[in-house]
Amino acid sequence: MGVLLFPLLSTRPPPLSSFTRHGAVFAAAPQVQRSLTLGQELASGNYGAVYEAQWSEGGSSTAAVAKCARAADGSQAALARAYLEVEAAVYESLERSRARGLLPQGFTRYFGRASAASTEWLVWERVERCGGVRRPLSLAELNHETGPEAGRDAVDEAVRPLHLATFGLSAHRVLCETLRMTHALHEEGFVHRDIKTANLLVSAPRGSADASLYLIDMGSCAQMGGCTLLDGWMGKCAGYDASHSPCSPLFAPPEQFIDPQHPFAFDVYSIAITFLRLSWPSLLRTDAQLRTFRRRLAAAGTFEEWLRRELSATAVSPSVAEALEVFPGSEVDPLQAIGFVAAMLRTDPGRRPPVSSLLVHPFVSSTPPASSELKQSDMQPSVALELSQLLGAEGCVLPVLEVEERHLSISVELQKPLGILLGEDDAPTASVLRVAVDELLEGGSAMACGELQVGDRLVSVDGIPVRGAPLSQVMGLIERARSKVALLFERDCKEECPVPAAELLLPPEQRRATERPLPSFVTNKVVETGVACSQGKRETQEDTHVLTMFTMRTPRDDTECKCLLAAVFDGHRGPRASAYASTALPSAVRAALERHEPAPLGAAWRDVCEGYLSSGAQDGCTATAVLIHDDASCEVLNVGDSRTAVAHVKWGTADVVFATRDHSAADAVEIDRITAAGGEVSCANGQWRVKVESPAGSWLVAVARSLGGSEWRGARISDVADVHTMDLEGLDGGFIVLASDGVWGALDSAGTTSAQRSEAVVNFIFREAHIHRKSASEIAQDLNQRAYRAGSTDNACSIVLFL
């Protein structure tokens, strides 16, 4: 077999021509003249040097920059070459995305490798210079920073008259654009690990209105996506070394090294420090000032506590007072900003929100201030004064959002006699009989539960569906039950009945043409909900769920918004974990909303995991949950092999636009993670399982991630959730389905991805709603029954949400 060698000077493949030899077709590249001409040195660091250059290709010449490996310490030459290789790998990946039209602005065009002056170089298109300065400027220069991290001991006289506002930039705009660039890098699977003001370039070739930001210096990147942890430990992932971290300490998070379970949280912390350094130049301009702030922040533990300590001091320092006057800007709620920055600066990387959640947060999506150089006259009222008053009013406790919770689904276990009177809806217009609570009897167990209300509809008795069943049949089931009976009730958000789901799948113009009333919205985005749980053939019911709504009021301007929380928990080994999760998650989400968390569902899950671990219980449960806000942002969380699928309905069909990944013990990535950490995964009787040692013996668990106790963690079964934030805008008429493995396991389509395997369930929901005009509640019940008929023996729980 012949081997053809190409002049490897560009990552872009040249056009190919073909020729035939011995009956085989070979491809040969036409010779394209490429050359690199070096100019003056622009900058140098510990591991590389950057030069001006001219890149010539095919007769055309382009202004470029070239970088070579150069170690300030001669003993680090091998490390410098390794970082250059990582940078090449990152840019090759970025250029592939650029070719597909998926790369946002903020990354310079990469030409490839070249040799010149007996040295190997990486070559990029040159970024336009800033105004009258002959080169692009970093944010560290424009912020007039000094110290090793800024790369200078004094401010360059040519740069002294310039600052962020000169180019129409503000700290807020820099934050937003840095988040977008970082999100693109994370989508490629890379953690930057060295985001700081010195690695953000500003280009303004035609004046301040045209300023652009570029994220540079990818040699510090570590490949953590599309690359298993086992690959990392074997040295196969670009840039990842578990024992080394090429970061800038003043911008790095407390863990210093990447946390393998939360790798992308590293950059989130660095972006927050970068934002604060730009927001507070008077407080954090020098490296010494930044070092002092980091030390005090570490002593306080959280950003909120640091702020409390500073503002409750008898004498607030001038630098702190001046800094708070411009935080975060005149057009943003300071309490919202505090929650946003505080979440990014959490010591625990698992509590930092993902970049996708930060991008849809109101603090980022709101109109940015015109300049970071805001004057006191622009502040109405003074932010520092307002914060001080708010802090002092509550005894140095930051005020929170006012959050009210309203359950849409109630699951109770009542002692006989139940203490309720049930009645049957006999309205002639009712399409389905409905048995509902008519009265709560004084002193009965129903009243003692404190959850039921008159009007709540009964939908199941001990896991047996009773929607549409007459009252006589329902009473017969209750009478045959044991001393305690498990009852599931549903509650409408409003008194009027929602429009049937089929109506919601019609085009908007047809929907308006009907004589039916408009939907009674649960929230601004969710118009109908339904839930069903069944015991199946198991001796006990270990599946639980949450379906509840939160109403939030901002104390500053008394605005109101709503969000809906839906979750399914699939218990294993016992019911304690699933019962704990369904009880603890709503209160944890409420607390996260109150403290302005950018990713409240993800933050709440960490609280649930820590609370359960401290309980000492050893049962486990998987979890899948969504938190849908009025602004159409949706946070999706998944741990284990329960699943959430999001469907878009258009032109008479339903398509799966997103589905969570199943963390089963058969997943190759999870097997690599568990075995690399010392756990044991084996296949017996055709099913992969994780071995968990306990005093009772060895448990064999079919999931790789789960809420669990110390024994689960000891076997390397992780409770770390996949958390995604997506925009539901444009999905009106679509739906979301959450279900436990008892449903998905029996009804999955064939396919290699979760989205492909979810198609059969999504199509079933569409048909039932569109053709048979069933409600979300009826469809959820039908899903469980369909799974049972398909051979499922497991508990089953389904939630259907129409958008």
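All values below come from the heavy atoms of this structure, side chains included, with hydrogens, waters and symmetry mates left out.
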Got a salt bridge between [X] and [Y], using NZ or NE/NH1/NH2 to carboxylate O under 4.0 Å?
X: R70; Y: E41; answer: yes
X: K196; Y: D217; answer: no
X: R294; Y: D287; answer: no
X: E670; Y: R673; answer: yes
X: D259; Y: R352; answer: no

Go through L345 and L276 one step at a time and tell me if the side-chain contact (heavy atoms from CB on, under 4.5 Å) criterion holds.
-> CA-CA 11 Å; L345 293 175; L276 287 181; 3.9 Å; yes
Indicate the atoms forming the closest heavy-atom contact of E255 with P349, along with that distance.
->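 So the two residues come closest at OE2-CB, 3.7 Å.
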Side chains of Q261 and S718: do they bring a donor and an acceptor to under 3.5 Å?
-> yes
Given side chains that start at C-beta, do those of [X] and [Y] come closer than 4.5 Å, heavy atoms only?
X: L290; Y: I273; result: yes
X: H172; Y: F363; result: yes
X: E125; Y: T108; result: no
X: V360; Y: D631; result: no
X: I271; Y: T182; result: yes

List the steps and the verdict of salt bridge (charged side-chain N to carboxylate O under 4.0 Å, His left out) for D667 and R705.
-> CA-CA 11 Å; D667 184 90; R705 297 198 199 183; over 6 Å; no
Test ring-ring contact (aromatic ring centres under 6.0 Å, His included) applied to Y91 and F190, Y110, F107, the passing residue | Y110
Residues which pass side-chain contact (heavy atoms from CB on, under 4.5 Å) with T37, listed by chain and number, not counting sequence neighbours | Q54
CG/L175 to CZ/R180 distance, rounded to the nearest 0.5 angstrom?
-> 9.0 Å
Among L122, V123, L36, which residue meets the side chain to side chain contact (heavy atoms under 4.5 Å, CB included) test with F111?
->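 One option only clears the test, and that one is V123.
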